[in-house]
Protein chains: 2
Amino acid sequence: MQAPAGTSSITNVAAKANVSIATVSRVLSGKRTKDDDIARRVRAAAEELNYSVNYAASSLRSDTSNTIGLIIPSATDPLSAHLLDELEPTIDVDSQQLLLGIGQTQEIQEERIESLAARNVDGLIIVAASGVDLAATLERYAQHMPIVQVGGRQRSFRTSMVSIDDNAAMEMSIRHLASCGARSVAYLAGNNVSFESAELFAMFHTQVRSYALFTSSEWNKFGEASVQRGFHCTMNLFGNADALDRSDPATAFLRRPEALVCCDDTVAFGAMVALDAMGLSVPDDVRIIGSGDSPLAMTTMPQLTSIRPPVEQIVAESLRLIAAGSHSPAHITLPPQLVVRGSTQV
Amino acid sequence: MQAPAGTSSITNVAAKANVSIATVSRVLSGKRTKDDDIARRVRAAAEELNYSVNYAASSLRSDTSNTIGLIIPSATDPLSAHLLDELEPTIDVDSQQLLLGIGQTQEIQEERIESLAARNVDGLIIVAASGVDLAATLERYAQHMPIVQVGGRQRSFRTSMVSIDDNAAMEMSIRHLASCGARSVAYLAGNNVSFESAELFAMFHTQVRSYALFTSSEWNKFGEASVQRGFHCTMNLFGNADALDRSDPATAFLRRPEALVCCDDTVAFGAMVALDAMGLSVPDDVRIIGSGDSPLAMTTMPQLTSIRPPVEQIVAESLRLIAAGSHSPAHITLPPQLVVRGSTQV
DNA sequence: TTGTATGCGTTATCAG
DNA sequence: CTGATAACGCATACAA
């Protein structure tokens, strides 16, 4: 029967191994290189007593909490959920732990930053909620702990930033659509309050021109990321085009898009439902690209081509920057991956 | 300019307020009732110095970490995500923090339990991954900290349990379908390796009989929770029934179900796509009920009726049990809610 | 009610 | 490399 953790302290281990507590501390924390009889005795004693360090004491003395903080807007936010799933197993290997804060608003996110800073986390990773600017608050803490912002645009020279290259994603998307034979394309863009959406909207037009595709100002709308929005936008786009098509099939692609770029997978789902309802075929009549690579993207018919955020690299880079400390902030931009599936290819 | 947290300790506050550190500690921790000049001076000094307690020291001294642990199988698991979003703001109000562990397998979940126990969390909430039995591991720690298991079936008299009354959900579902005019019903059940699925399968049949509905053993299948599974099962169920229907419309409901109960919303999504593809109408021809009340349930056409887990109550009860301590474990079963939407009602 | 003094378990320092 | 000891910041028993 094992003794429960917390029952025994370093003193018990020291006694059992016939060494001083200092030696036990050194052996178990790896600050002692040799692997002689003493080291073995200490490890054996610790094992037998089921000893594990008291983190409170360790943290108090060494001023490092073996804890990293993560702040996200919501666990139902796909990017945040993926980050969580990727981050947790990655950090736990070297016996660190994850302290989580969740908040959608500027006020709550700032509150969480302060809470986690008060906990003396060894590093802080933040996914800012849409429309929230944390630069001022973060700068106040940047000298005391490494801070990594994931996504977003606010630039600070005191905090690190790991962001996703959405422009590259747009380029990849348009290039792919062109190579699939699409001659015209529409963009169901994100919410227009955000600067990012506007920038992507411009990038869309740049790339469309660059690949000599056609688009129309009437096709491209800002809006929320929901299935319903995708459905309604698509119904409006294609709803009364059928009659026109018959007039001249050769120029039909000028009256309705042969491809849809969606700001989000859910929008793409709605679009696919609408196209199905109108008897249009994906990908033969219309090619569709989503964004986020949600698990559901693989479960539609056909499966949805989607932009996958580089979560593994984001996590790896964030942890690297945190390990590097707060005195070497860096701004890193990572390209996402275009996962090609049936919605753009036969 | 505010001084960053962690710069000043209780000693600084005591000096500035002209009192002893003991008094500061008592005032700030609320163990001193009066609100006289001393209390005001202390609070003012703390505010001015932007003081916040050193949790490591506090934890070491008082043997309580002001931290509660949560272990979930994955952040992309809908129930876990909802739990996170509900739990985090609820606990943070009294300045506790959330330590998160994620693991899909027995081994990893046990590892997380041990890690969090070593961190001396004030309480542990666990969503066991499907097919994982943590009873043995949990019992080892149950005397040292309050443990609440959410969902699942393993019963232990040392740990608390808050579970969802799936049987009640099934009863509500079948009753609702009967009241909507369905005469026959099929069940796209969950994975058959789990005891819960088998029990629910039995409950389905009991309720179907109780409401005098018809079902067929060929209709009801175990399977995974995915859109594709829902799609294929539904295609098989209805695919070749059209020809038969014309033979005798009065008994058509014996050859194909007029309602579908799905173990998961994703399965229901797949079923809706399949029905749409076959030209069958929801809810006129077939009524559909999902489970989980995922955000996407509101974005289908028509919107999906679904079983919503009582997340708010789960969180409230879990925290109550943790506050009550480890010496009063309880088993609580909470009824879910049937959210009626367009997929079962016109 | 207030202040003084002790100890929580660990790591850092320093002398051997 | 090892051991003895100080110090981390706080909460609390105890004395005033």
Side-chain angles (χ1 to χ4, degrees), chain A residues 3-43 45-46 49-67 95-97 117-120 122 144, chain B residues 3-43 45-46 49-67 95 117-120 122 144:
Chain A
T7 290
S8 56
S9 73
I10 200 172
T11 313
N12 304 109
V13 179
K16 196 171 192 94
N18 265 320
V19 293
S20 71
I21 61 169
T23 300
V24 173
S25 176
R26 284 188 282 250
V27 168
L28 295 181
S29 65
K31 300 212 169 182
R32 186 179 176 282
T33 41
K34 290 210 301 192
D35 186 20
D36 54 5
D37 184 55
I38 291 183
R40 271 190 296 275
R41 260 179 14 230
V42 168
R43 268 191 274 271
L49 295 171
N50 194 24
Y51 167 78
S52 62
V53 310
N54 180 317
Y55 283 97
S58 173
S59 173
L60 174 61
R61 188 61 180 90
S62 64
D63 202 47
T64 127
S65 61
N66 288 319
T67 295
S95 73
Q96 287 213 314
Q97 287 274 317
R119 293 270 172 163
N120 194 28
D122 296 337
H144 300 285
Chain B
T7 290
S8 56
S9 74
I10 199 172
T11 312
N12 305 109
V13 178
K16 196 172 193 91
N18 265 319
V19 293
S20 70
I21 62 167
T23 301
V24 173
S25 175
R26 285 189 279 250
V27 168
L28 295 181
S29 66
K31 299 214 168 181
R32 184 178 177 284
T33 42
K34 291 210 302 191
D35 186 19
D36 54 5
D37 184 57
I38 291 183
R40 272 190 296 276
R41 261 181 11 233
V42 168
R43 268 190 275 271
L49 296 171
N50 195 24
Y51 168 77
S52 62
V53 308
N54 180 317
Y55 284 97
S58 173
S59 173
L60 175 61
R61 186 61 175 81
S62 63
D63 203 47
T64 127
S65 60
N66 290 318
T67 296
S95 72
R119 293 270 173 165
N120 193 28
D122 296 337
H144 300 284

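We use all heavy atoms of the structure for the numbers below, so side chains are in, but hydrogens, waters and symmetry mates are not. Quick note on labels: first sequence line is chain A, next is B, and so on, each numbered from 1. These figures come from a predicted structure and were not determined experimentally.
Put simply, CZ on A:R26 is 12 Å from P on C:dT13, counting in whole angstrom units. Rounded to whole angstrom, the span from the CZ atom of A:R40 across to the P atom of D:dC1 amounts to 15 Å. Atom CG of B:L49 is separated from atom C1' of D:dG9 by 15 Å (rounded to the nearest Å). Put simply, CG on A:N54 is 7 Å from P on C:dG9, counting in whole angstrom units. When rounded to the nearest whole Å, the span between CD1 of B:I38 and C1' of C:dG3 equals 11 Å. The nearest whole Å value for the distance from the CD1 atom in B:I10 to the P atom in C:dG3 is 12 Å. In this structure, A:N66 places its CG atom 18 Å from P of C:dG9, rounding to the nearest Å. Atom P of nucleotide C:dA12 and atom CG of A:D63 are separated by 11 Å, given to the nearest angstrom.
Of all nucleotides listed (D:dA11, C:dT10, D:dA4), D:dA11 comes nearest to the side chain of B:I21. Nearest to the side chain of B:T23, among D:dG9, D:dT12, C:dT2, sits C:dT2.
Residue B:V27 is the one, among B:V27 and B:A57, whose nearest nucleotide of DNA chain C lies closer to the 5' end (criterion: closest heavy atom). Residue-to-nucleotide proximity on DNA chain C shows that, of A:V24 and B:V19, the 5′-proximal contact is made by B:V19.
Residue contacts shown for A:L60 include a base, since a base heavy atom lies under 4.0 Å away. B:Y55 comes within 4.0 angstrom of nothing in the nucleic acid, heavy atoms only.
With respect to the salt-bridge test (charged N to carboxylate O, under 4.0 angstrom), the residues A:D36 and A:R40 do not qualify.
Taking 4.0 angstrom as the limit, A:S58 places none of its side-chain polar atoms (N or O) nearer than this to OP1 or OP2 of C:dT10. In this model, the phosphate group of C:dA12 is approached by a side-chain N or O of A:K31 to a distance below 4.0 Å at OP1 or OP2. Taking side-chain N and O atoms only, A:S25 has a distance below 4.0 Å to OP1 or OP2 of C:dT11.
Shortest non-hydrogen contact noted between B:V27 and B:R43 is CG1-NH1, 3.9 Å.
From B:L60, atom CG reaches atom OH of A:Y55 across 15.0 Å, with rounding to the nearest 0.5 Å. We find the OG1-NZ distance between A:T23 and A:K31 to be 14.0 Å, quoted to the nearest 0.5 Å.
Not a single donor-acceptor pair under 3.5 Å links the side chain of A:T64 to the backbone N or O of A:S62.
The base of D:dG9 is not paired with the side chain of A:R61 by any donor and acceptor separated by under 3.5 Å.
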